[in-house]
Amino acid sequence: MQIVITKDYEAMSRSAAAVIAAQVIAKPDAILGLATGSTPVGLYRNLVAGCAAGDLDFSHITTVNLDEYAGLDGTHDQSYRYFMNHNLFDHVNIDKANTNVPNGKAEDPDAECARYEALLKKLGPADIQLLGMGHNGHIGFNEPGDAFIAPTHVVELTESTINANARFFASRDEVPKKALTMGMGAIMRARRVLVVVSGHDKARAVKDAFAGPITPKCPASILQLHPDVVLVGDEAALSGLLEAGVQV
Ligand code: F6R
């Protein structure tokens, strides 16, 4: 694993964006696995700037997103489709037909998961998969549990995740209780994984994931088995890992 430690959120965003930018430049028809949440917002801002400057060309890029809330339409301002359009796709020269997010409004969520999994298999492994991390160690919406689940699946969100995401909704009651998420299979098949973390509130989860046992109780710990992980985090988020003696 490669660990990049930065001073603060802005520096983390620039460094992580550079990793994605290098992929886009090296392979103009790359498949990018993308994430939502507050952590990658600055990274996306840097990619938008790179495209506006003429340094990055997304015209042949394909994207696959990790997850979507069940029950939210892509026009809902808290849906992950809306987030992606708003933070990246609307501002770069990507063909939206080549951007993929699970359909949260599908009548049959299990069938939608099967469709998405088949699509992931057809496209082949992501060249790079971007991940944020939940306070409970979740990646995508793979919540702590008794087993790592391989395919795209419907998940009941935990209290911890609902509480963390309530900040984006008018009230906690409005936070969807279920989501559709890429499973560990597609995440682990990605050729490279880029994990972004920021802030003291992530320090414990980062330490558990990368310096603790590999267990589905901390879903991100599975990444210890991936051959090419780049962890980019600010000093605050990586503080627990450094205290645990992990060398940077
Ligand atoms: C988002 C996702 C989640 C987030 C995680 C961290 O697509 O899959 O796993 O990456 O909840 O969210 P933030 O960045 O808001 O702390």
Side-chain angles (χ1 to χ4, degrees), residues 31-38 40 61-90 94-127 129-134 136-190 193 216-217 219-220 222:
I31 298 175
L32 307 180
L34 299 178
T36 63
S38 52
I61 292 289
T62 296
T63 65
V64 286
N65 259 79
L66 284 167
D67 43 16
E68 180 60 282
Y69 285 118
L72 296 196
D73 187 71
T75 57
H76 189 290
D77 67 359
Q78 290 310 323
S79 75
Y80 287 172
R81 161 54 76 180
Y82 184 94
F83 174 100
M84 289 311 304
N85 288 347
H86 187 70
N87 283 285
L88 185 67
F89 301 151
D90 285 344
I94 199 162
D95 179 351
K96 281 227 185 102
N98 295 332
T99 67
N100 301 284
V101 182
N103 176 9
K105 264 302 211 193
E107 237 167 70
D108 180 346
D110 290 319
E112 170 59 10
C113 288
R115 180 198 72 81
Y116 202 70
E117 187 64 23
L119 172 75
L120 295 173
K121 295 230 167 89
K122 185 169 149 240
L123 290 171
D127 290 289
Q129 175 65 57
L130 173 64
L131 298 174
M133 263 180 66
N136 60 7
H138 73 221
I139 49 177
F141 274 137
N142 292 274
E143 296 281 36
D146 295 330
F148 293 117
I149 301 175
T152 304
H153 58 284
V154 178
V155 65
E156 301 268 350
L157 299 180
T158 61
E159 288 297 303
S160 152
T161 300
I162 293 168
N163 290 338
N165 291 358
R167 67 191 194 275
F168 299 117
F169 290 81
S171 77
R172 191 183 178 283
D173 289 346
E174 284 181 30
V175 186
K177 308 292 180 286
K178 288 184 182 183
L180 289 71
T181 184
M182 194 186 280
M184 293 303 196
I187 292 172
M188 292 300 281
R189 285 196 298 276
V193 174
K217 307 270 183 251
I222 198 173

Can you spot which of Ile187, Asn65, Val155 makes a side chain to side chain contact (heavy atoms under 4.5 Å, CB included) with Thr181? Val155
Give the minimum heavy-atom separation between Thr158 and Glu143, together with the two atoms involved. N-OE2, 3.0 Å
Is the closest side-chain donor-acceptor distance between Ser171 and Asp173 under 3.5 Å? no
Please check if the side chain of Glu112 supplies one atom and the backbone of Ala106 the other of a donor-acceptor pair under 3.5 Å. no
For Asp127 and Ile31, indicate whether the former's side chain and the latter's backbone hold a donor-acceptor pair under 3.5 Å. yes
Candidate pair Tyr116 and Val64, rule side-chain contact (heavy atoms from CB on, under 4.5 Å), full reasoning: CA-CA 9 Å; Tyr116 202 70; Val64 286; 3.9 Å; yes
Taking the six-membered ring for Trp, are Tyr69 and Phe169 parallel (under 30°), tilted (30 to 60°) or perpendicular (over 60°)? perpendicular
Parallel, tilted or perpendicular, as decided by the 30° and 60° cut-offs, for the rings of His138 and Phe141: perpendicular
Nearest heavy atoms of Pro219 and Phe148, plus distance in Å: O-CE2, 3.6 Å
Separation between CE (Met188) and CD (Gln129), nearest 0.5 Å, reads 12.0 Å
Should Met184 and Ile149 be marked as a side-chain contact (heavy atoms from CB on, under 4.5 Å) after you check the CA-CA gap, both sets of side-chain angles, and the distance that decides it? CA-CA 6 Å; Met184 293 303 196; Ile149 301 175; 6.0 Å; no
Short question: side chain of Tyr80, backbone of Pro102 - any donor-acceptor pair under 3.5 Å? no
Report the distance from atom CG of Asp110 to atom CG of Leu180, rounding to the nearest 0.5 Å. 8.0 Å
May I ask you to test the Asn165-Arg167 pair for a side-chain heavy-atom distance under 4.5 Å? yes
Residues Pro176 and Ala70: closest non-hydrogen pair is CB-O, 3.7 Å
Nearest-0.5 Å distance that lies between atom OH in Tyr82 and atom CZ in Phe89: 14.5 Å
Any chance NZ of Lys96 has more than 12 other-residue heavy atoms, nucleotides or ligands included, within less than 6.0 Å? yes
Does atom CG (Asp146) have a neighbourhood of more than 12 heavy atoms from anything else shown, all under 6.0 Å? no
Rounded to the nearest 0.5 Å, what separates atom CG in Leu123 from atom OG1 in Thr62? 6.5 Å
Please find the pair of heavy atoms, one from Met182 and one from Asn142, that lie closest to each other, and give the distance. O-ND2, 2.9 Å
Does a side chain donor of either Thr99 or Arg81 reach within less than 3.5 Å of an acceptor in the other side chain? yes
Heavy-atom closest pair, residues Ala35 and Gly132: CB-N, 4.2 Å
Between Phe83 and Gly37, what is the shortest heavy-atom contact and its length? CZ-O, 3.3 Å
Pairwise distance OG1(Thr36) to NE2(His86) - rounded to 0.5 angstrom: 13.0 Å
Exactly one of Thr152, Leu131, Leu34 clears side chain to side chain contact (heavy atoms under 4.5 Å, CB included) with Leu66, and that residue is Leu131
Quick one, Glu117 with Arg189, criterion salt bridge (charged side-chain N to carboxylate O under 4.0 Å, His left out). Give me CA distance, side-chain angles, the key distance, then yes/no. CA-CA 12 Å; Glu117 187 64 23; Arg189 285 196 298 276; 3.5 Å; yes
Nearest 0.5 angstrom please: Ser79 OG to Lys105 NZ, how far? 11.0 Å
